[in-house]
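Everything on this sheet refers to the single structure shown next.
Below, read A as the first sequence line, B as the second, and so on, with proteins coming before strands; counting in each chain starts at 1. Values in this document were obtained by computation on a predicted structure and should not be read as measured data.
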Number of protein chains: 2
Amino acid sequence: MGHHPFKRLQSDLATLIDSLPADSQLPSEPTLALKLGVSRATLREAMRSFETQGKIRRRQGVGTFVIGDVPLIESGLEILESIETMVGRIGLSVSSHSLKVEKITADEECALVLDIPIGSGLTRISRLIMTDGRPAAYLVDTLPENILSHADLAAGFTGSVLDLLLRRGLPRLVSSRTEINAVNATTEVAHLLEIQRGDVLINFSACLYSSEGHVIDHSLSYFLPGYFKFHVNRRVG
Amino acid sequence: MGHHPFKRLQSDLATLIDSLPADSQLPSEPTLALKLGVSRATLREAMRSFETQGKIRRRQGVGTFVIGDVPLIESGLEILESIETMVGRIGLSVSSHSLKVEKITADEECALVLDIPIGSGLTRISRLIMTDGRPAAYLVDTLPENILSHADLAAGFTGSVLDLLLRRGLPRLVSSRTEINAVNATTEVAHLLEIQRGDVLINFSACLYSSEGHVIDHSLSYFLPGYFKFHVNRRVG
DNA sequence: CAGTGGTCTAGACCACACG
DNA sequence: GTGTGGTCTAGACCACTGA
C-alpha cells in the first residue's frame, strides 16, 4: 500500500483518544499499528502532535496513556513572575526536581550575554518543573557567582532564582528582556522532559536587569506546549 | 549497525553545512546518507532541526540548499504592528502571495471567539508572507463581514487587515490579546510554507479589540522560527 | 526524461519498567 | 523474564522540478 494514510490516521487516532477515559492505556504500538492499518513508524509520527498538545503521554517500558484534562498553566508576559508563582496561582502542586547547582566559568558566549570577562566564575542552576506527576518545563539560570554563590543557596532554596533575589531585595530588579522561540527538543532535554527527541517546545531566553542596567541573570526555559498558555496584550501603535 | 549515531550525525551535518558557501546545494539524500553512514530516515530526522533554525532549505524535486544569513525579522510584542511594518523596518522586500478572500458563515467556534451569532457572515483572508524568496509566515484573519466585506477590499489591498483598518480609522482599534504557542505544522500549512509536516512553528492566536470592547478580528499566524525573533520586556511585579 | 525530496513499510535490535 | 516504547535500517514507490 503506497498510499498516504496520514490524514485518515490522525482522525482515527483523535477518535480513539477521545473515546477513552482519562489515564487509560492505549494498545501497544505494534498492535495499534496493525489495527489502524499502518506501519509503526507512521503511527509514531502521527502520535507526535497529540503528545505536543498534551493529549497523550508515552512512557518507555510502560505504555502510552490518555491524559484527561491538562492543568493549563496560564500567564501574561507583561509581568515577570516565577514558574512557582504561576503554578501556585492555579492551586497546583509544583516541585523542582533534579535541582542541580554548578560552578562554571564564563565562556565567550556567556561573557557576551552577561557582560562580564571571559573566565569569570558563574553559578548555574538547572531544574525540572513537575506538575500533575510529569515534567512540564526545564529551566536553566546562569549568573555571576558574586551575585549568587553556592553559599547563598542554603536551606529553603526552592529552585527559583527570581524569587530568591526578590526576597533578598538586592540587587534591585526592574525588568527582563525575554526572547520567545519555538524549537525542537534536543536529545538531552527530551530525556529530561520525557518526550521524544525533536518534539516541539516553547523556548524563552531572558536577561534580567537591575536598576543600574546590569545583566543580573540569564535564563533559558523550555516549556511543553500542551501545559502552558502564554499571552500578551499588545497596544495598537 | 544498531548504534545510535544521531548525536554524531548532527555534529557532522553542522560541520558540513557551515563549511559550504551560501546557496550551495547539498548532496542528494541517498548520497549523503551513504557518505555519513546512516539510513536516509535518520538523516532526514537530523536535518529537521537545521531546517527549523533556517540553516537549510529543502525543495522537493530540486534539492537541499544551504541558507547563508537569514534576514531576521525582529519585533517587540508590546506594540501591535503588521508583518508588513515589521519587515519593512528592516528594509526587506515583502509580498503577500496566495492572497485568498473567502466569504464564510460562523460555526460554533468562530461565533464564540468573535462574540457573534452562529451563522453570521464572515470574511476570511489568508495569505503567505514571502521574504528572501521563500514563504516565512502564513496568516489567516477572520472578521464579521459587516466590519469588512468583499467590497472593502478593492484595489490596493495589500493583504494586511490591520493596516487597512488603521487607514480607515473605523472602528477605532485599541489592543490585541495575543496567545503564544508552539505547534507542529499540519500537512496543509507545511505545504504552504514549504516545510515538512510536523515541523516546528511559532503560533499566534490573537483577538483585536475596538475602543468599545468588541472583538473586531481574530487572526491566526504561523511563523518559521528561523526567520523571526520576537521579544517582550517584562516588568518585575 | 532523469534526479530530487516526500511518504510509507517491514523488520530488527536496544533501553527501560515492572513483576 | 515479558512487554513496552525508542532508535535505526533497507528498500519501495510517489510527487515534483527542470532540462
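- The nearest whole Å value for the distance from the CG atom in B:Leu36 to the P atom in D:dA10 is 14 Å.
- For the pair A:Arg57 CZ and D:dT4 C1', the interatomic distance rounds to 14 Å; values are reported in whole Å.
- Residue contacts for B:Gly37: at a heavy-atom cut-off of 4.0 Å it reaches the sugar-phosphate backbone alone, with no base atom in range.
- A:Leu32 has its CG atom 12 Å from the P atom of D:dT4, to the nearest Å.
- Residue pairs meeting the salt bridge (charged side-chain N to carboxylate O under 4.0 Å, His left out) criterion with at least one member in residues 181-202 of chain A, sequence neighbours excluded, are A:Arg48-A:Asp199, A:Arg57-A:Glu194, A:Glu188-B:Lys7, A:Arg197-B:Glu45.
- Under the rule for a salt bridge (Lys or Arg N to Asp or Glu O under 4.0 Å), A:Lys100 has no partner lying at least two apart in sequence or in another chain.
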Where do N or O atoms of nucleotides 3-7 of chain C meet protein N or O atoms at under 3.5 Å, pair by pair?
from  : atom 1 : to       : atom 2 : distance (Å)
C:dG3 : N2     : B:Gly61  : O      : 2.9
C:dT4 : O2     : B:Gly61  : N      : 3.3
C:dG5 : OP1    : B:Thr64  : N      : 3.4
C:dG5 : OP1    : B:Thr64  : OG1    : 3.1
C:dG5 : OP2    : B:Glu29  : N      : 2.8
C:dG5 : N2     : B:Gln60  : NE2    : 3.3
C:dG6 : OP1    : B:Gln196 : OE1    : 2.7
C:dG6 : OP2    : B:Arg44  : NH1    : 2.5
C:dG6 : OP2    : B:Arg44  : NH2    : 3.0
C:dG6 : OP2    : B:Gln196 : NE2    : 3.4
C:dG6 : N7     : B:Arg40  : NH2    : 2.5
C:dG6 : O6     : B:Arg40  : NH1    : 2.9

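- By the side chain to side chain contact (heavy atoms under 4.5 Å, CB included) test, A:Ala182 pairs with B:Ala182, B:Val200, B:Ile202, B:Pro225, sequence neighbours left out.
- A salt bridge does not link B:Arg59 with B:Glu51: every distance from a Lys NZ or Arg NE/NH1/NH2 to an Asp or Glu carboxylate oxygen is 4.0 Å or more.
- At whole-Å resolution of the value, CZ in A:Phe65 and C1' in D:dG3 are 12 Å apart.
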Using distance only, find each side-chain donor-acceptor pair of residues 30-41 of chain A under 3.5 Å and give its atom names and separation, not counting sequence neighbours.
from    : atom 1 : to      : atom 2 : distance (Å)
A:Thr31 : OG1    : A:Ser28 : OG     : 2.9
A:Ser39 : OG     : A:Thr42 : N      : 3.4
A:Ser39 : OG     : A:Thr42 : OG1    : 3.1
A:Arg40 : NE     : A:Glu29 : OE1    : 2.9
A:Arg40 : NH2    : A:Glu29 : OE1    : 3.1

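- By the ring-ring contact (aromatic ring centres under 6.0 Å, His included) test, A:Tyr222 pairs with no residue at all, sequence neighbours left out.
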